[in-house]
A.B. asks: 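Would you mind keeping the following structure in view while I ask a few things?
Here is how names work: the chains are called A, B, and so on, in the same order as the sequence lines, proteins then strands, and each is numbered from 1.
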Amino acid sequence: MTNEQIAATFERIASLMEIQGEVIYKTLAYRRAAETLRMLGEDIATVRAEGRLLSLPGVGKAIAEKIEELLDTGSLAFLERLEEEVPPSLLELLEVPDIGPKKAALFWKQAGITNLVELSEAARAGRLRGLPGMGEKSEARILAGIEALGRRSKRLSIHTADRIARRWLETLRATPGVERIEAAGSLRRRKSTVGDLDFVAACHEPAALMTAFTSHPEVERVLGQGENKSSIETTGGVNIQLWVQPPERFGTLLQFVSGSKEHNVRLRELAQKQGLSLSERAIQKSDGSEMLFEEEAGVYAALGLAYIPPELREDRGEIQAALTGRLPQLVERRDIRAEFHCHSTFSDGSASIEAMARAAVQRGLKVLAITDHSAGLAVAGGLSVERLAEQRAEIKRVQDLLGDQILLLQGSEVEILSDGSLGYPDEVLAQLDLVIASLHFSLRQPREVITARLIGAMRNPHVDIIGHPSGRLLPDREGADLDWEAVLAAAAETQTALEIDANPSRLDLDEVYARRAAELGVLLAVDTDAHSPDHLDFLEYGLGVARRAWLEPRHILNCRGDKEILGWLQERKG
DNA sequence: GCCGTTTTCGGCCCGACTGTTTTCAGTCG
């Protein structure tokens, strides 16, 4: 079983136990372990084989034994018993807003409802309103919630979420009394995909802002409206929540709504140990007096912590690091001096080499590699060897035009063909300044085959970077089923850089493997894979992944100067 | 079920909002 499968099993156990009415802390323990598995970056089977299970956060004796049983047998007697006691189809009910474990248990035990269809029928027939704690409004709310499931958008790409947020914030910012308003939540933490949007505002007249929010023309329905917090569903099926506090409490509010939930729980535990109580309104001392924070940084400082950038707030060790002064010096936009992956009209890009180069200069880049597709990818206009020569001439022309404003490299995004060979023969690759090797098709090959295909490319001495290593497409298409440990080990051994493709529909490597790669001494390249000048601005999303992976400039090839980069490439050519 | 610069046992974040309640439970983030 994979890490993800075991994590999903633990989530399932947690939810079933909750419905069963088990103490909440047991279920939390299973969820914590699931999160640990998802963020691991190495194969859980390896961790087990090396006897390190108990060293994982949130894994104790009971959960370690269950991991072992799952690895050994592929099943779990404990879960099978649980599923005999609690019908697993009840988990469907938890998808409905306003239905949690208590309601699910109520519907099951007192109305015999075990799945979503039965729930829907019961609500329509008015059979829910008689149950304890239920009334007509609750029944209607649940019916509306079931209908909303069909409308609900999938997780949004960060780019889409950004655009929606910007549009809304612009409107809301114009409301009288609004001093500050911005996006928080997972969008601010720069997660690769975003579920709901969360906005926070500093405002003296919250009522006016709340009205502006809930009466916005794009509102499909209002899910809740209070003094400090409202939430709506948009016509596009996206849920947005708006939180409001007066300006003097904006710091704690922004901190709280930025999350993650797990980070906040740790932070509040830390506050408690110091005799303080942290909430979205203030830090309260034991004598009842409040400390207010207009700025978020003050909250961390008051708890004795260095400022933790939002991208790190996932309860992955950042609070301990902040306590001991060991937070990473995260890579920033201004550290990036090179772009190694872009396309021009020579293949499937929409702009000329000159236009791309000028756009790169505008953005302050000092090195740009033009990496059009190679032969072997006909759909993307892959270049023949003859066209490659024409392209070299054009790159030289533009280089002469731009002089020392930028260093242009002739590269290629070379296809790794299904049999593992590359789109150009070695003598052609040898003439290029830089070679990215990428997978675009036959991604569903069995693990051993596709892993060998990728590692084979790394072993070619001309290949410098592996482009978008997994081939995933967000939000839906999963990447290749790679043996990541073998891939990362090969990258470390051959000193091949792995790309973090910044295109918001890729973001590949993901943050988990990017962090693991850096730990193993693998060099990362943050590239936009731009097919037009404005795509160069996707860089911010790639940096989001890099920062969430705790990367510093020293981990990233693009942070080096032109001479260093040329030196690195030269060295590789031997 | 996990965990320990107050603990190997006794803790485990905090508040807003809703709907059902006459003071609170459930859900959510």
A.B. asks: What's the gap between dG29(B) and dT23(B) when it is taken at their C1' atoms, as a whole Å value?
C.D. replies: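 Straight-line distance between the two C1' atoms is 24 Å.
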A.B. asks: dC3(B) C1' sits how many Å from Leu270(A) CG, rounded?
C.D. replies: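 Leu270(A) atom CG is separated from dC3(B) atom C1' by 16 Å.
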A.B. asks: Let's see if you can work this out: which of dC13(B), dG29(B), dG19(B) has an atom nearest to the side-chain heavy atoms of Arg141(A)?
C.D. replies: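 Given the options dC13(B), dG29(B), dG19(B), the side chain of Arg141(A) is closest to dG19(B).
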A.B. asks: Please state how far atom CG in Leu93(A) lies from atom P in dC28(B), giving the value in whole angstrom units.
C.D. replies: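 Those two atoms, CG and P, are 12 Å apart.
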A.B. asks: Are Ser15(A) and Arg31(A) close enough that a side-chain donor and a side-chain acceptor fall under 3.5 Å?
C.D. replies: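 Distance-only check passes for Ser15(A) and Arg31(A).
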A.B. asks: Check this for me: does any side-chain nitrogen of one of Glu511(A) and Arg316(A) sit under 4.0 Å from a carboxylate oxygen of the other?
C.D. replies: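 Yes, Glu511(A) and Arg316(A) are salt-bridged.
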A.B. asks: Considering every strand and a 4.0 Å limit on heavy-atom distances, what is the contact class for Ser277(A): base, sugar-phosphate, or nothing?
C.D. replies: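 Since only primed, P, OP1 and OP2 atoms lie under 4.0 Å of Ser277(A), the category is sugar-phosphate.
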A.B. asks: Does a nitrogen or oxygen in the side chain of Lys26(A) sit under 4.0 Å from OP1 or OP2 of dG1(B)?
C.D. replies: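 It does, given that an N or O in the side chain of Lys26(A) lies less than 4.0 Å from OP1 or OP2 of dG1(B).
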A.B. asks: Where the side chain of Tyr25(A) is defined as all heavy atoms beyond and including C-beta, which of dG1(B), dT20(B), dT18(B) is the nearest nucleotide?
C.D. replies: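 Nearest nucleotide to the side chain: dG1(B).
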A.B. asks: Taking atom P in both dT18(B) and dC13(B), compute the distance separating them and give it to the nearest angstrom.
C.D. replies: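 Pairwise P distance, dT18(B) against dC13(B), rounds to 25 Å.
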A.B. asks: Could you give the CG-to-C1' distance, from Asn264(A) to dC14(B), as a whole number of Å?
C.D. replies: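 These atoms are roughly 10 Å apart.
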A.B. asks: Can you find a side chain N or O atom of Gln272(A) that sits less than 4.0 Å from OP1 or OP2 on dC14(B)?
C.D. replies: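 Yes, such a contact exists.
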A.B. asks: Take Leu94(A) and Tyr30(A), find for each the nucleotide of DNA chain B with the closest heavy atom, and name the residue whose nucleotide sits nearer the 5' end.
C.D. replies: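 Mapping each residue to its closest nucleotide by heavy atoms, the 5'-most match is Tyr30(A).
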A.B. asks: Please tell me if Ser138(A) has a side-chain N or O lying less than 4.0 Å from either OP1 or OP2 of dT20(B).
C.D. replies: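 True: Ser138(A) side-chain N/O within range (under 4.0 Å) of dT20(B) OP1/OP2.
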A.B. asks: Tell me which nucleotide, if any, is Watson-Crick or G-U wobble paired with dC2(B) when both distances must be under 3.5 Å.
C.D. replies: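 Paired with dG11(B).
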A.B. asks: Report which part of the nucleic acid Leu267(A) touches: base, sugar-phosphate, or nothing (heavy-atom distance under 4.0 Å, all strands).
C.D. replies: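 No contact at all - Leu267(A) keeps every heavy atom at 4.0 Å or more from the nucleic acid.
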A.B. asks: Looking at Glu540(A) and Arg547(A), is there a salt bridge between them, counting it only when a charged N and a carboxylate O are closer than 4.0 Å?
C.D. replies: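 Salt bridge absent between Arg547(A) and Glu540(A).
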A.B. asks: Leu242(A) has an atom CG; how far is it from atom P of dA16(B), in whole Å?
C.D. replies: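 Going from CG in Leu242(A) over to P in dA16(B) covers 15 Å.
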A.B. asks: Side chain of Lys102(A): nearest nucleotide among dC17(B), dC14(B), dG26(B)?
C.D. replies: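 The listed nucleotide nearest to Lys102(A)'s side chain is dG26(B).
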A.B. asks: CG of Asp98(A) versus P of dC17(B): gap in Å, rounded?
C.D. replies: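 In whole Å, dC17(B) P and Asp98(A) CG are 15 Å from each other.
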A.B. asks: Quantified in whole Å, what is the C1' atom distance between nucleotide dT20(B) and nucleotide dC14(B)?
C.D. replies: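 About 23 Å, rounded to a whole number of Å.
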A.B. asks: Of the nucleotides dC14(B), dA16(B), dG29(B), which has the atom closest to the Gln241(A) side chain?
C.D. replies: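 Among dC14(B), dA16(B), dG29(B), the one nearest the side chain of Gln241(A) is dG29(B).
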A.B. asks: Using a cut-off of strictly less than 4.0 Å, decide whether Arg281(A) has a side-chain nitrogen or oxygen near OP1 or OP2 of dC14(B).
C.D. replies: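 For dC14(B), OP1/OP2 do not have a side-chain N/O of Arg281(A) under 4.0 Å.
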A.B. asks: Measure the distance from NZ on Lys229(A) to P on dC28(B) and round it to the nearest whole Å.
C.D. replies: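 The answer, rounded to whole Å, is 10 Å.
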A.B. asks: For atom P, what is the distance between dT6(B) and dG1(B), given to the nearest Å?
C.D. replies: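 My reading of the P atoms in dT6(B) and dG1(B) gives 28 Å.
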A.B. asks: Check every atom of dC13(B), dC2(B), dT20(B) against the side chain of Lys137(A) and return the nucleotide holding the closest atom.
C.D. replies: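 Between dC13(B), dC2(B), dT20(B), the one nearest the side chain of Lys137(A) would be dT20(B).
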A.B. asks: Would you classify Gln284(A) as touching base, sugar-phosphate or nothing, given that sugar-phosphate means primed atoms plus P, OP1 and OP2, and contacts are heavy atoms under 4.0 Å?
C.D. replies: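 Contact class for Gln284(A): none.
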A.B. asks: Between dC3(B) and dT8(B), how far is it from one P atom to the other, in whole Å?
C.D. replies: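 To the nearest whole Å, 16 Å.
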A.B. asks: Pick the P atom in dT21(B) and in dT27(B), then give their distance to the nearest Å.
C.D. replies: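 To the nearest whole Å, 16 Å.
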A.B. asks: Using a strict threshold of under 4.0 Å (side-chain N to carboxylate O), is an ion pair present between Asp476(A) and Lys154(A)?
C.D. replies: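 Yes, Lys154(A) and Asp476(A) are salt-bridged.
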A.B. asks: With sugar-phosphate meaning primed atoms plus P, OP1 and OP2, does Pro57(A) contact a base, only sugar-phosphate, or nothing at under 4.0 Å between heavy atoms?
C.D. replies: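 Here Pro57(A) touches the backbone only, sparing every base.
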A.B. asks: Quick check: closest heavy atoms across Ile158(A) and Lys191(A), and the distance to 0.1 Å?
C.D. replies: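 Between these two residues, the closest heavy atoms are CD1-O, 3.4 Å.
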A.B. asks: Send over the distance from Asp198(A) CG to dG29(B) P, rounded to a whole Å.
C.D. replies: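 Atom CG in Asp198(A) sits about 8 Å away from atom P in dG29(B).
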A.B. asks: Could you check Leu223(A) against Leu276(A) and say which one's nearest nucleotide on DNA chain B is further toward the 5' end?
C.D. replies: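 Its nearest nucleotide being more 5', the pick is Leu276(A).
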A.B. asks: Has Glu68(A) got more than 12 heavy atoms of other residues, nucleotides or ligands less than 6.0 Å from its CD?
C.D. replies: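 Above 12, so yes.
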A.B. asks: Rounded to the nearest angstrom, tell me the gap between atom CZ in Phe213(A) and atom C1' in dA16(B).
C.D. replies: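 Atom CZ in Phe213(A) sits about 15 Å away from atom C1' in dA16(B).
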A.B. asks: Out of dC13(B), dC17(B), dC2(B), which nucleotide sits closest to the side chain of Ala29(A)?
C.D. replies: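 Ranking dC13(B), dC17(B), dC2(B) by closest atom to the Ala29(A) side chain puts dC2(B) first.
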A.B. asks: Write down the distance separating the P atoms in dC17(B) and dT22(B), rounded off to the nearest Å.
C.D. replies: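 These two P atoms come out 22 Å apart once rounded.
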A.B. asks: Pairing donors with acceptors under 3.5 angstrom, does anything connect the side chains of Ser277(A) and Gln272(A)?
C.D. replies: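 Side-chain D/A pair, Ser277(A) to Gln272(A): absent.
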